[in-house]
J.: 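One structure follows; several queries about it will come next.
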Amino acid sequence: MGPHDRVLITAALPYANGNLHVGHIGGSYLPADTYARYCRSAGREVLFICGSDDHGVPATLTARTEGCTPREVVTRYHEAQVKDFQGLGIRFDIYGSTSSPQHAAASQEFFLRVHRNGFLEKRRTKQLYDAQAGIFLPDRYVTGTCPFCGQSALGDQCEHCGKDQDALELIAPRSAITGSVPQVRETTHWYFRQDLLEGKLREWLAAKESWRAPVQNFALGMLKQGLKSRAITRDLSWGVPVPLPEDPDAEGKVLYVWFDAPIGYVTFTADLLEERGQARERYADWWKNPEVPIYHFIGEDNIVFHALMWPAMLMAEGTFQLPANVVANCFVNFQFPGHDEEKMSKSRGTAVWIHEYLRDGDPDPLRYYLTFIAPEAQRTAFKPDDLARRTNDELVGTFGNFIHRTLTFAARYFDGKVPEPGIPVAEAEEVQTHLKALPRLVGVELDAFRLKSAMGMVMDLARMGNRFFDYQAPWKQRKEDPARCATTLHTCLHIVKALAILSEPFMPFTSEKAAGFLGLSAGERGWAAAATPLEAGRPLGAAEPLFRKIE
RNA sequence: GGCGGCGUAGCUCAGCUGGUAGAGCAGCGGAAUCAUAAUCCGUAGGUCCGGGGUCCGAAUCCCUGCGCCGCUACCA
């Protein structure tokens with residue numbers, strides 16, 4: 001058993017205004033699912049939480065374009081995302097929605113506590129307003145000319161000179177939504193005084209020893225520059241209403257998505273417990289219990305929020321514990337053969353969409369490949385050729401082949417049963433020794449979130465199996481030394497069992513099939529069971545190829 | 001501009017707190033035939049981006065130059 005008996009794992013909330021591509025999966029959902037599966041296999045009590053982030057401007061714009069309601073937009077994408085996750089075996093305990101009434105209530109309560117604790121400040125500001133669309137424009141929806149370099153720029157930042165912009169300073173501003181000339185209007189917003197928490201945040205972050213360096217460095221670097229208080233309300237109709245009924249300024253305002261979204265993790269935890277017949281309030285057993293580590297899996301773009309703003313929110317609220325780790329991956333770029341690496345992009349057609357992949361692709365090879373190229377420390381690129389090569393060489397050739405050759409051999413020459421080990425053989429004992437230690441070794445890597453390394457150890461086991469099989473040459477031993485042959489197969493079957501169990505976090509569908517060949521019941525598939533061999537006489541099922549070649 | 005990252009074999013990358021360069025794939029040579037021709041063995045291949053410094057000793061620490069990249073607060 002690992003360091004903790006109970007863990008709370010979250011994966012970044014996908015925005016419910018688009019489909020998922022391999023970058024999303026590799027960056028956040030797959031690592032989170034892999035870790036969650038490992039924890040479950042190791043016997044820990046796990047809550048694996050995710051859901052769609054339904055609020056925000058883009059959903060309202062999509063709705064406007066399509067002539068439907070934001071609700072319809074987010075429902076459609078929410079369902080599409082659920083399908084994608086299921087197809088890939090990403091198994092959340094709950095996939096909630098931030099547009100639920102429960103979430104609104106939870107966010108409002110959180111807001112009020114932060115307010116009462118003195119971390120909110122009301123300010124009157126000027127902002128650009130699109131009269132034609134009838135909405136205040138977020139900075140990035142304003143285009144114009146950069147006052148610094150004279151080139152065209154967006155309202156939040158100039159791409160040419162890199163300077164931060166104040167949308168109000170842009171020359172000849174236009175609304176990116178309607179193209180009309182925006183008006184300057186006054187409005188009131190509530191600002192979150194995260195700057196008051198800089199010292200506490202720095203102290204908390206600096207003490208983290210096991211965080212990935214890029215995450216910690218990045219967050220500490222931001223702190224060095226100083227946090228700005230940040231508006232956490234918006235003039236929109238789609239979102240969680242600001243819960244200050246006695247204040248006329250609050251009318252028609254909602255919470256900023258990045259304020260309500262992370263609270264979604266808490267809401268969904270309560271939703272899940274309710275589903276399981278417990279009181280919603282029991283969420284506190286997880287969120288306010290220092291015995292339970294909370295791990296947030298996110299993409300690199302989210303570091304600011306999860307390592308700074310969200311912890312600041314939790315500190316300001318005052319009753320929650322802070323995340324134990326924020327596990328961030330970098331982006332995955334995309335590279336067609338013969339082309340330069342590019343960002344995943346909808347418009348340029350350089351994204352591999354999950355629903356398209358799943359039409360004729362198997363989930364496990366994608367999971368395997370994404371874990372192998374996982375950008376744990378730096379960006380990497382998704383290359384279709386590379387996916388095919390790794391599938392064919394490593395999954396078909398090494399992993400699948402070892403299991404298949406072992407099982408077909410046992411079926412043919414040992415009557416489809418696990419043989420009684422014959423005489424002791426030194427090499428077989430070495431394998432036993434290795435297998436005895438392996439679950440723990442792989443577990444150490446997983447608990448340190450070195451998923452690529454952990455999976456590499458599992459693949460190495462398959463290589464070891466092939467090497468052992470060839471070296472022993474049971475097809476020869478069978479005739480010359482049947483006792484040794486029995487030992488060989490007994491050992492190989494133990495390796496198959498270990499592969500079936502230890503590959504589960506990475507390739508759950510394959511693991512399920514392999515465990516089925518061995519007739520392993522759910523109770524026999526626990527992580528530590530990989531260390532012990534199959535008992536002699538156990539009947540084996542018929543093996544079939546675990547993977548098919550690509551192309 | 002500010003902050004950060006990367007540059008190791010033909011390719012993709014490992015190399016934690018400094019102690020004689022590693023893996024997979026591709027290449028070359030061989031073995032084997034139980035297996036989805038899937039496997040195994042052997043072999044070759046690197047002034048660890050350049051330059052300085054610290055040290056008995058640096059891919060590893062410090063400085064500097066070059067090249068690539070990211071973030072900069074609503075793209076995982």
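Residue numbers start from 1 in every chain, and the chains themselves are labelled A, B, ... in the order their sequence lines are given, proteins ahead of strands.
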J.: I'd like to know if the side chain of A:H404 pairs up with that of A:T408 as donor and acceptor (distance under 3.5 Å, no hydrogens or angles considered).
T.: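 A:T408 and A:H404 do not have a side-chain donor-acceptor pair below 3.5 Å.
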J.: For A:R234 and A:P545, find the nucleotide of RNA chain B closest to each by heavy atoms; which residue's nucleotide sits nearer the 5' end?
T.: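 On the 5' side of the pair lies A:P545.
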J.: To the side chain of A:D393, which of B:C75, B:C25, B:A73 is closest?
T.: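 Comparing B:C75, B:C25, B:A73 against the side chain of A:D393, the answer is B:C25.
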J.: Check this one for me: any side-chain N or O of A:Y471 less than 4.0 Å away from OP1 or OP2 of B:C41?
T.: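 False: A:Y471 side-chain N/O out of range (4.0 Å or more) of B:C41 OP1/OP2.
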J.: Base, sugar-phosphate, or nothing for A:P474, non-hydrogen atoms under 4.0 angstrom?
T.: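 If one applies the 4.0 Å heavy-atom cut-off, A:P474 turns out to touch nothing in the nucleic acid.
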J.: Give the rounded distance in Å between these two atoms: CZ of A:F469 and P of B:U33.
T.: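 So the CZ-P distance, A:F469 to B:U33, works out to 12 Å.
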J.: What's the closest nucleotide to the A:F547 side chain, out of B:U36, B:A73, B:C34?
T.: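 Between B:U36, B:A73, B:C34, the one nearest the side chain of A:F547 would be B:U36.
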J.: Within the 4.0 Å heavy-atom criterion, would you say A:Q472 contacts the bases, only the backbone, or no part of the nucleic acid?
T.: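 Here A:Q472 touches no strand at all.
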J.: Send over the distance from A:H404 NE2 to B:U33 C1', rounded to a whole Å.
T.: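 In whole Å, B:U33 C1' and A:H404 NE2 are 15 Å from each other.
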J.: Does OP1 or OP2 of B:A38 have a side-chain N or O of A:R405 closer than 4.0 Å?
T.: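 Result: no.
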J.: How long is the line joining CG of A:D481 and C1' of B:C34, in whole Å?
T.: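 Distance check: A:D481 CG to B:C34 C1' gives 17 Å.
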J.: A:G397 near the nucleic acid: base, sugar-phosphate alone, or nothing, with a heavy-atom cut-off under 4.0 Å?
T.: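 Sugar-phosphate only.
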J.: Counting heavy atoms from C-beta on, name the nucleotide in B:C74, B:U36, B:U39 closest to the side chain of A:R230.
T.: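 Ranking B:C74, B:U36, B:U39 by closest atom to the A:R230 side chain puts B:C74 first.
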J.: Can you check whether A:V458 reaches A:L499 side chain to side chain, under 4.5 Å on heavy atoms?
T.: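 Yes, close enough: below the 4.5 Å cut-off.
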J.: Taking the six-membered ring for Trp, are A:Y265 and A:H306 ring centroids under 6.0 Å apart?
T.: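 Yes.
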J.: Under a plain distance cut-off of 3.5 Å, with no hydrogens placed, do A:T233 and A:H189 share a side-chain donor-acceptor pair?
T.: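 Checked: A:H189/A:T233 side chains pair up, N/O donor to acceptor below 3.5 Å.
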J.: Taking any heavy-atom pair under 4.0 Å as a contact, classify A:L407: base, sugar-phosphate, or nothing.
T.: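 Touches nothing.
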J.: In whole angstrom, what separates A:D260's CG from B:C74's C1'?
T.: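 Computing the A:D260:CG to B:C74:C1' distance gives 12 Å.
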J.: Tell me which nucleotide among B:C41, B:C74, B:U36 gets nearest to the side chain of A:W258.
T.: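 Taking heavy atoms from C-beta onward, the closest nucleotide is B:C74.
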J.: Does the structure place the NZ or CZ of A:R234 under 6.0 Å from the centre of the six-membered ring of A:Y256, at an angle of no more than 45° from the ring's axis?
T.: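 The answer is yes, since A:R234 meets both limits relative to A:Y256.
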J.: Give the rounded distance in Å between these two atoms: NZ of A:K549 and C1' of B:U39.
T.: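 Distance check: A:K549 NZ to B:U39 C1' gives 12 Å.
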J.: Using a cutoff of under 3.5 Å, can you pull out all pairs of nitrogen or oxygen atoms linking the protein to nucleotides 22-24 of chain B, with atom names and distances?
T.:
from	atom 1	to	atom 2	distance (Å)
B:G24	O2'	A:E394	OE2	3.2

J.: Quick one: A:E445 CD to B:A14 P, roughly how many Å, whole number?
T.: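 Spelled out: CD on A:E445 to P on B:A14 is 14 Å.
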J.: Could you please name the option among B:U39, B:C34, B:U36 that lies closest to any side-chain atom of A:T398?
T.: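 Of the options given, the side chain of A:T398 lies nearest B:U39.
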J.: Is the phosphate of B:C34, meaning OP1 or OP2, less than 4.0 Å from a side-chain N or O of A:K476?
T.: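 Answer is no, no contact under 4.0 Å.
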J.: Do A:F449 and A:Y295 have their ring centres less than 6.0 Å from each other?
T.: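 They qualify: ring centres under 6.0 Å apart.
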J.: Just the rounded figure in Å: distance from C1' of B:C40 to CG of A:N401.
T.: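 Going from A:N401 (CG) to B:C40 (C1'), I get 11 Å.
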J.: Taking any heavy-atom pair under 4.0 Å as a contact, classify A:G465: base, sugar-phosphate, or nothing.
T.: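 Answer is nothing: A:G465 stays at 4.0 Å or more from every strand.
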J.: Report, one line per pair, each donor and acceptor closer than 3.5 Å where one atom sits in a side chain of residues 80-89 of chain A; sequence neighbours left out.
T.:
from	atom 1	to	atom 2	distance (Å)
A:Q81	OE1	A:Y95	OH	2.7
A:Q81	NE2	A:Y15	O	3.1
A:Q81	NE2	A:G18	O	3.3

J.: Ring centres within less than 5.5 Å and planes less than 30° apart: is that true of A:W475 and B:C34 in this structure?
T.: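 One would call A:W475 stacked on the B:C34 base.
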J.: Between B:A76, B:C34, B:C74, which nucleotide gets closest to the side-chain atoms of A:F305?
T.: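 My answer, after comparing the listed nucleotides, is B:C74.
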J.: Any donor-acceptor pair, under 3.5 Å, between the side chain of A:D470 and the base of B:A32, if you only look at N and O atoms?
T.: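 Result: no qualifying N/O pair found.
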J.: Quick one about A:E445 and A:S453 (side-chain donor to acceptor, distance below 3.5 Å, no hydrogens or angles considered), yes or no?
T.: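 Looking only at side-chain atoms, A:E445 and A:S453 do form a donor-acceptor pair, the distance falling under 3.5 Å.
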